[in-house]
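All values derive from a computational prediction rather than experimental measurement. Just so we're on the same page: letters track the sequence lines, and every chain starts at 1.
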Number of protein chains: 2
Amino acid sequence: MSSSIDEAGLPATTARQTAARRRKVPPEVRHEDKRLAILRIAAQLFAQHGYEATSLDMIGEQLGMHKATLYHYIKNKEEVLYFCLVKSFENIDEVVERMQDRSVPTLERLRYFARSLAHAQNSDFGRCLVMVGLRPLTNEASVDIRRFQRKLDKTVRDLVTEGIASGELKPVAPPLFSAMLFGMFNWVPQWFDANGKFSIDDVVDTFMNTVINGAAATPRR
Amino acid sequence: MSSSIDEAGLPATTARQTAARRRKVPPEVRHEDKRLAILRIAAQLFAQHGYEATSLDMIGEQLGMHKATLYHYIKNKEEVLYFCLVKSFENIDEVVERMQDRSVPTLERLRYFARSLAHAQNSDFGRCLVMVGLRPLTNEASVDIRRFQRKLDKTVRDLVTEGIASGELKPVAPPLFSAMLFGMFNWVPQWFDANGKFSIDDVVDTFMNTVINGAAATPRR
DNA sequence: CCTACCGATCGGTAGG
DNA sequence: CCTACCGATCGGTAGG
């Protein structure tokens with residue numbers, strides 16, 4: 001049984017709409033849509049089975065096309081992972097910029113960052129990032145991805161440094177605080193059950209309440 | 001260049017000691033030692049390259065033996081991972097028992113748990129557990145490992161429940177607190193640099209100070 | 001402990 | 001003449 005491309009993330013379409021689309025939508029756009037559908041399915045399979053254990057045949061099967069056909073849209077398997085990871089950072093600039101608005105209290109910005117991070121890492125591409133990572137990539141490809149990661153890390157470290165300077169945060173090593181934050185949120189896809197009793201926002205609120213206010217009932221020095 | 005078995009985790013031995021050992025140590029023990037060396041090297045390579053990207057040839061090469069020879073000590077590749085994961089939990093009972101000593105304050109037990117967890121996950125077998133996980137295992141093999149994981153998770157959840165009841169901890173959903181704690185420590189092998197400026201104990205102290213007392217300079221409701 | 005292989009499947013590409 | 005796609009097979013390597 002094979003899923004249609006539409007099920008892969010594009011809006012659902014009827015046969016009539018598909019026909020209309022075929023008449024009206026330029027070929028480049030159809031090509032780009034199909035490419036995106038491939039990336040989304042690949043991201044799901046990579047996150048589920050790992051990079052090496054996912055064959056191009058499996059990706060093709062999910063899309064109802066043969067493996068050879070994939071090569072009209074992609075260069076090779078590694079490039080597929082590369083673009084999945086790039087896409088996992090697609091909203092990064094917006095978030096990073098909001099973190100620099102000093103009119104908002106540091107802790108409020110930190111909560112916003114956590115919420116953005118948690119939702120990003122629990123999307124198809126974000127799950128691919130945290131479950132697979134960049135280990136399968138060659139060095140040349142992984143430097144690009146590492147640049148995104150360093151940018152996010154620096155954003156948190158700067159926020160912490162700023163919060164300590166302003167007296168909003170207790171003194172703490174910014175690299176360790178940042179690593180702690182990414183660790184707890186990057187691990188969420190390993191255990192989170194979308195059908196369970198907690199939502200992603202529940203997770204964000206619980207984690208951030210604890211990190212900001214502490215788990216101890218009586219605050220200690 | 002191939003590492004000797006001794007470099008793989010056994011005590012260093014001179015050629016003379018090896019000869020003496022060959023005379024005195026029973027064959028079963030030598031066999032078991034070699035098997036452990038295989039597991040340790042495998043755990044390192046699995047953590048570094050992933051399970052599928054690590055071939056049995058690579059493991060053999062590091063040990064100075066051919067792939068076929070490995071099969072005198074192991075059944076198959078999956079069994080190697082299985083025992084690496086089992087070994088990653090070898091000190092679990094001792095830690096779990098100490099967590100049940102109610103004469104020690106909850107927060108103190110929690111700090112001890114975190115320290116044990118952090119050190120365990122940054123050993124060869126622990127890194128294999130958190131970097132590879134149990135995804136490559138068949139269902140039959142992975143249930144055993146999941147039992148260990150649930151036992152650790154339950155230990156934390158029980159500790160949290162107990163701390164809330166005794167008034168030592170603020171109310172918090174125990175499963176989420178547990179997931180947060182494992183997430184931040186399980187992620188450490190992804191970024192930790194043994195030659196960097198922080199030690200594992202620095203990481204534990206910073207993480208636990210923040211989780212227990214909060215990052216905010218002024219405690220908030 | 002090694003040489004010599006196997007059935008299968010991998011990523012990637014040929015001609016049409 | 002182009003796009004999109006097929007059946008078949010390439011060279012290499014996996015676990016065993």
Would you indicate whether the side-chain heavy atoms of Met58(B) and His49(B) approach each other to under 4.5 Å?
yes
Please tabulate, for side-chain N and O atoms in residues 175-190 of chain B, each donor-acceptor pair with protein atoms closer than 3.5 Å (sequence neighbours left out).
| unit_1 | atom_1 | unit_2 | atom_2 | d |
| --- | --- | --- | --- | --- |
| Ser178(B) | OG | Asp153(B) | OD1 | 2.4 |
| Asn186(B) | OD1 | Gln121(B) | NE2 | 2.7 |
| Asn186(B) | ND2 | Phe182(B) | O | 3.3 |

Taking the C1' atom in each of dG11(C) and dT9(D), what is the distance between them to the nearest angstrom?
13 Å
Suppose we screen for side-chain contact (heavy atoms from CB on, under 4.5 Å). Which residues come up paired with His119(A), at least two apart in sequence or across chains?
Arg115(A), Ile200(A), Asp201(A)
Spacing between Arg35(A) atom CZ and dA4(D) atom P, to the nearest angstrom
14 Å
Under the ring pair (Phe, Tyr, Trp, His ring centres under 6.0 Å) test, which residues partner Tyr112(A), sequence neighbours left out?
none
How close or far is atom C1' of dG15(D) from atom OH of Tyr82(B), stated in whole angstroms?
21 Å
Taking 4.0 angstrom as the limit, do Arg157(A) and Glu162(A) come out as a salt bridge?
no
Could you state the NE2-P distance from His31(A) to dT3(D), rounded to the nearest angstrom?
9 Å
Measure from CD1 on Ile74(B) to P on dC1(C) and round the result to the nearest Å.
14 Å
Quick one about Thr161(A) and Asp158(A) (side-chain donor to acceptor, distance below 3.5 Å, no hydrogens or angles considered), yes or no?
no
At under 4.0 Å, does any side-chain N or O of Thr69(A) touch on OP1 or OP2 of dA4(D)?
no
Table please: side-chain donor-acceptor pairs of residues 81-88 of chain B below 3.5 Å, with sequence neighbours left out.
| unit_1 | atom_1 | unit_2 | atom_2 | d |
| --- | --- | --- | --- | --- |
| Tyr82(B) | OH | Asp144(B) | OD2 | 2.5 |
| Lys87(B) | NZ | Glu90(B) | OE1 | 3.2 |
| Ser88(B) | OG | Leu85(B) | O | 2.6 |

Quick one: Met65(A) CE to dC6(D) P, roughly how many Å, whole number?
8 Å
Can you check nucleotides 10-12 of chain C for protein contacts, nitrogen or oxygen pairs under 3.5 Å, and list what you find?
| unit_1 | atom_1 | unit_2 | atom_2 | d |
| --- | --- | --- | --- | --- |
| dG11(C) | OP1 | Thr54(A) | O | 3.3 |
| dG11(C) | OP1 | Lys77(A) | NZ | 2.4 |
| dG11(C) | OP2 | Leu56(A) | N | 3.2 |
| dG11(C) | N7 | Lys67(A) | NZ | 2.9 |
| dG12(C) | OP2 | Tyr71(A) | OH | 3.1 |
| dG12(C) | OP2 | Lys77(A) | N | 2.8 |
| dG12(C) | O5' | Tyr71(A) | OH | 3.3 |
| dG12(C) | N7 | Lys67(A) | NZ | 3.4 |
| dG12(C) | O6 | Lys67(A) | NZ | 2.9 |

Strictly by modelled atom types, are Asn139(A) and Arg146(A) linked by a side-chain donor-acceptor pair under 3.5 Å?
no
Can you list the stems that include DNA chain C, where a stem is three or more consecutive Watson-Crick or G-U pairs with distances under 3.5 Å?
none
With rounding to whole Å, what would you report as the distance between dG12(D) and dA8(C) at their P atoms?
22 Å
Please tell me if the side chains of Leu63(A) and Lys34(A) come closer than 4.5 Å, counting only heavy atoms from C-beta onward.
no
Would you say His66(A) places a side-chain N or O within less than 4.0 Å of OP1 or OP2 belonging to dC6(D)?
yes
